[in-house]
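Structure first, commentary second.
Counting starts at 1 for both ligands and their atoms, in listed order. All values below were derived from every heavy atom in this structure, side-chain atoms included, with hydrogens, water molecules and symmetry-related copies excluded.
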Amino acid sequence: MRIIIGENYDEISKKAALIVAAQVILQPDCVLGLATGSTPLGLYRELIAMYQRGEVDFSKVTTFNLDEYYPITPDHPQSYHYFMYQNLFNHINVQPENIHLPNGTAEPVEAECSNYERMIAAAGGIDLQVLGIGVNGHIGFNEPNPYLHARTHLTDLKEETIKVNSRFFQSEAEVPRQALTMGIGTILKARRILLLASGENKAQAIKKTVQGLVTTECPASFLQTHPDVTLLLDREAAALLG
Ligand code: F6R
């Protein structure tokens, strides 16, 4: 694992944008795996600014998002679909037909999951996967459990995840209890992985990810088995690394 520590959130957001932009410049038709949540907002802001300055062109890029709540309609303001358009896709020149997110209204859900895997494979696999990390060590919505799913699947969200994510909803009761997510194997198949973490509430999960045993109780610890992972951390998130 390559670990890069920045002073603060702004610094890691800028560095992350440089890494993603470099990927797109080197390989204009690359496949990006994208995440939602608070952490990548700064990265997306920087990428939009780079696009506006004419520094990076997304016209040939394909994207696959990690996850989506289930059930949720794409126009719901808390759907990850809506989030991605609001915070990135509406502001850059990625082609609509090249954008992919799991469909939070799909029926039957198993067909949606296997189709998502097929589409990733048909696109040639993910070149660079951007990840955040949950306070409980989840990546995508692969929650700590006695077992993990390898491929895209429907999963139950943990109480702690529902609580943490309720900050985006009117109330905790409104947070969907399930989500569609790439599996741990889908994530590990990406050629390169860039995980961002900011803030002291992520420090424990980062310590387990880097220095703990590889265990399903900390899904991010599986990143230790991948040959090309970069962790971009601010000082607070890195605070417990020995
Ligand atoms: C989001 C995702 C999640 C988040 C994680 C951290 O697509 O897959 O794993 O990355 O929950 O969320 P934030 O960044 O809001 O702390």
Side-chain angles (χ1 to χ4, degrees), residues 8-10 12-13 16 20 32-46 63-70 72 74 76 78-89 99-104 116 120 126 128-145 148-149 151-169 175-188 190 193-206 208-209 216 218-223 229-234 236-238:
N8 52 37
Y9 178 71
D10 270 359
I12 65 167
S13 298
V20 174
L32 298 179
L34 298 176
T36 57
S38 310
T39 311
L41 281 172
L43 157 65
Y44 296 156
R45 216 174 29 239
E46 293 294 328
T63 67
F64 285 92
N65 264 79
L66 278 167
D67 42 20
E68 176 60 286
Y69 288 117
Y70 190 88
I72 203 161
H76 189 293
Q78 300 313 332
S79 76
Y80 286 170
H81 189 277
Y82 189 89
F83 173 102
M84 287 308 298
Y85 278 82
Q86 284 292 111
N87 293 298
L88 184 64
F89 299 147
I99 294 171
H100 306 86
L101 289 103
N103 176 358
Y116 205 62
I120 295 172
I126 293 169
L128 175 62
Q129 175 68 56
V130 175
L131 296 176
I133 184 169
V135 288
N136 64 5
H138 73 213
I139 47 177
F141 274 132
N142 295 280
E143 298 277 37
N145 268 314
L148 295 174
H149 287 264
R151 302 290 160 223
T152 302
H153 60 285
L154 181 65
T155 188
D156 295 331
L157 300 181
K158 291 271 175 185
E159 269 314 310
E160 65 249 32
T161 299
I162 292 167
K163 246 189 201 77
V164 170
N165 287 10
S166 66
R167 70 191 191 279
F168 299 113
F169 291 80
V175 185
R177 268 38 191 173
Q178 291 185 300
L180 295 170
T181 180
M182 286 184 193
I184 205 79
T186 324
I187 294 171
L188 291 174
I193 295 176
L194 175 64
L195 183 144
L196 309 178
S198 163
E200 61 182 348
N201 63 335
K202 300 291 173 71
Q204 195 57 247
I206 289 297
K208 287 187 185 163
T209 299
T216 61
C218 177
S221 65
F222 278 79
L223 297 174
V229 175
T230 302
L231 264 53
L232 199 37
L233 313 172
D234 68 8
E236 292 179 349

Identity and distance of the protein heavy atom lying nearest [atom]:
atom: atom 5 (C) of ligand 1; value: H138 NE2, 3.4 Å
atom: atom 2 (C) of ligand 1; value: D67 OD2, 3.3 Å
atom: atom 16 (O) of ligand 1; value: K202 NZ, 2.7 Å
atom: atom 10 (O) of ligand 1; value: G132 CA, 3.3 Å

Quick one about [Y] and [X] (side-chain donor to acceptor, distance below 3.5 Å, no hydrogens or angles considered), yes or no?
X: Y69; Y: N165; value: yes
X: T216; Y: N145; value: no
X: N136; Y: E143; value: yes

Do any nitrogen or oxygen atoms of [X] lie less than 3.5 angstrom from nitrogen or oxygen atoms of ligand 1?
X: N165; value: no
X: T36; value: yes
X: G140; value: yes

(request) Indicate, as side chain, backbone, both or neither, the part of T181 found under 4.0 angstrom from ligand 1 when only non-hydrogen atoms are considered. (result) neither

(request) Measure the acute angle between the ring planes of F89 and Y85, then classify it against the limits of 30° and 60° as parallel, tilted or perpendicular. (result) perpendicular

(request) Decide yes or no for Y9 and E236: does some side-chain heavy atom of the first lie under 4.5 Å from some side-chain heavy atom of the second? (result)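 Counting from C-beta outward, Y9 and E236 never come under 4.5 Å.
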
(request) Report the distance from atom CD of Q129 to atom CG of L194, rounding to the nearest 0.5 Å. (result)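 Answer for the CD-CG pair, Q129 versus L194, is 9.5 Å.
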
(request) To the nearest 0.5 Å, tell me how far T209 OG1 sits from I133 CD1. (result)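 T209 OG1 to I133 CD1: 3.5 Å, rounded to 0.5 Å.
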
(request) Can you figure out which of I139, T39, L34 has its heavy atom closest to atom 14 (O) of ligand 1? (result) T39

(message) If we only consider heavy atoms of R167, is any one of them less than 4.0 Å away from an atom in ligand 1?
(response) yes

(request) May I ask you to list the atoms of ligand 1 that are less than 4.0 angstrom from any heavy atom of I133? (result)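 Those qualifying, in numeric order: 5 (C), 6 (C), 10 (O).
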
(request) Please identify which atoms of ligand 1 are closer than 4.0 Å to at least one heavy atom of L66. (result)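 Result: 8 (O).
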
(message) More than 12 heavy atoms of other residues, nucleotides or ligands under 6.0 Å from CD of E200: yes or no?
(response) no

